Amino acid sequence: MQSVAHQVGSEKLQQIFSTAEKVLVLTGAGVSAESGVPTFRGGGNTAVWKGMPFEIISSAGMLARDLPAVWEWFNYRRERLKALKPNPAHQAIARWQERFRQFTLVTQNIDGLHQAAGSRKVVELHGNLWRARCFDCGARHDLRELRVDHEVPICIDCGGRMRPDVVLFGEMLPPGAFERAAREAEQCELCFVVGTSAVVYPAALLPETARAAGAYVVEVNPEATPLSSLCDEVLSGKAGEILPMVGMSSVPGAVATG
Ligand code: BV8
């Protein structure tokens with residue numbers, strides 16, 4: 001007798017998951033935790049770099065004061081990320097883009113693991129760790145193509161100094177990114193909020209926007225968050241264990257096809 005796939009989530013979620021056409025997924029650091037990417041606020045304390053809370057080292061103010069220090073912080077995170085691979089949560093979300101007519105993946109993560117898992121057209125609200133942007137001409141380049149001078153990459157187009165192509169605290173999000181995400185949140189029938197502590201704005205507004213527009217909002221997180229009470233359903237646990245099972249019906253003899 002083959003193992004029985006156990007159903008994750010309520011009958012209502014199964015029903016909506018099997019009929020929905022417009023689906024939005026918002027992810028945070030927690031979706032990459034099982035890949036080995038450290039979260040920012042896991043276990044109650046905030047990530048710290050050289051004695052500075054990450055909201056300080058990852059801030060517009062720090063960029064203005066000490067660009068090499070900011071590069072050192074992101075170089076360190078990129079080095080740690082190099083060996084890490086997408087996990088079953090990233091892979092399940094990548095499969096969902098084929099399943100739903102209007103599927104939108106919005107991430108706060110800058111690690112690029114969604115794209116590595118095969119997700120296309122990812123709305124990166126906070127930029128990407130593998131890219132740099134020129135202060136002078138605004139050109140974006142993949143960091144793997146760039147030469148570095150005095151810890152600061154130099155633009156191959158204009159020779160200008162480059163900065164990490166990530167959104168720092170106190171900085172505006174990439175033009176159009178939040179607007180696109182908010183538009184999809186207003187239209188979606190089903191919204192998954194996966195692995196985020198939902199304290200950083202304006203990203204944390206998206207589930208509220210979806211809920212207010214009538215979407216069924218589902219949180220996937222091993223811990224409660226400020227959003228949990230607003231959600232229609234909370235799937236308490238690890239994204240890599242839960243997401244592959246979402247939509248699986250509890251048919252005796254069924255195997256996890258995921
Ligand atoms: C802006 C890139 C306009 C860099 C990041 C309104 C109210 C209050 C404050 C503000 C506000 N509006 C603006 C602000 C200020 C600020 C803000 O929100 N501050 C917070 C701290 C209160 N926002 C901004 O500055 C934004 N810009 O608003 O511009 C403006 C301009 C000038 C002045 C005013 C306004 C820009 C914010 C973007 C900053 N850049 N990242 C970098 O990475 O270093 S934010 C960064 O932190 C991430 O991208 C992410 O957004 C956030 C971390 O949160 P999470 O991803 O949720 O991660 P966390 O560790 O916190 O939680 C992980 C969760 O996963 C936990 O719940 C855990 O239980 C769960 N988990 C763990 N394991 C698993 C799991 N879940 C599932 N499975 C598992 N296995």
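It should be emphasised that the depicted structure is a prediction, and the values quoted were computed from it without experimental measurement. Note that ligands are numbered from 1 as they come in the structure, with each ligand's atoms numbered from 1 the same way. One-based numbering along the sequence shown.
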Mode of [X] contact toward ligand 1 - side chain, backbone, both, neither (heavy atoms, under 4.0 Å):
| X | answer |
| --- | --- |
| V194 | neither |
| R77 | side chain |
| S58 | side chain |

Exercise. Could you pull out, from A33, G170, G195, the option with a heavy atom nearest to atom 63 (C) of ligand 1?
Key: G195
Practice problem: Select the closest option to atom 59 (P) of ligand 1 among P38, S197, G237, judged by heavy-atom distance. | Solution: S197
Check each atom of ligand 1 against the heavy atoms of [X] and keep those under 4.0 Å away; list them by number with element.
| X | result |
| --- | --- |
| E171 | 1 (C), 26 (C), 27 (N), 29 (O), 36 (C) |
| Q108 | 48 (C), 49 (O), 50 (C), 51 (O) |
| E34 | 78 (N), 79 (C), 80 (N) |
| E55 | 21 (C) |
| A29 | 55 (P), 56 (O), 58 (O) |
| G28 | 56 (O) |
| V200 | 18 (O), 37 (C), 47 (O), 51 (O), 52 (C) |

Practice problem: Say whether E241 and ligand 1 are in contact under the criterion: heavy-atom distance to a ligand atom below 4.0 Å. | Solution: no
Self-check item: Any P222 heavy atom less than 4.0 Å to ligand 1
Solution: yes
Exercise. Could you give me the CA-CA distance, side-chain angles and deciding distance for F74 and L143, then say whether side chain to side chain contact (heavy atoms under 4.5 Å, CB included) is met?
Key: CA-CA 11 Å; F74 286 107; L143 270 157; over 6 Å; no
Quiz item: To the nearest 0.5 Å, how far apart are CZ in R131 and CG in D142?
Solution: 9.0 Å
Exercise. State the CZ-CG distance between R140 and D157, to the nearest 0.5 angstrom.
Key: 12.5 Å
Exercise. Using a strict 4.0 Å threshold on nitrogen-to-oxygen distance, state whether R77 and D111 make a salt bridge.
Key: no
Quiz prompt | Ionic contact status for R95 with E98, cut-off 4.0 Å | solution = no
Practice problem: Determine whether the side chains of S32 and H114 contain a donor N or O and an acceptor N or O closer than 3.5 Å. | Solution: no
Any N or O of [X] closer than 3.5 Å to N or O of ligand 1:
| X | answer |
| --- | --- |
| F40 | yes |
| P202 | no |
| A239 | yes |
| N109 | no |

Quiz prompt | F103 and I93: CA distance, side-chain angles, deciding distance, side chain to side chain contact (heavy atoms under 4.5 Å, CB included) verdict | solution = CA-CA 10 Å; F103 179 78; I93 293 169; 4.0 Å; yes
Practice problem: Decide whether V123 and V194 are clustered together by the hydrophobic rule: side chain heavy atoms of Ile, Leu, Val, Met, Phe, Trp, Tyr closer than 4.5 Å, transitively. | Solution: no
Quiz item: Taking the side chain as C-beta and beyond, is there a heavy-atom pair between E189 and F100 under 4.5 Å?
Solution: no
Exercise. Kindly assign one of parallel, tilted or perpendicular to the pair Y76 and W49, based on the angle between their ring planes and the thresholds 30° and 60°.
Key: tilted
Quiz item: So, does S35 use its side chain to make a donor-acceptor pair with the main chain of V37 at under 3.5 Å?
Solution: no
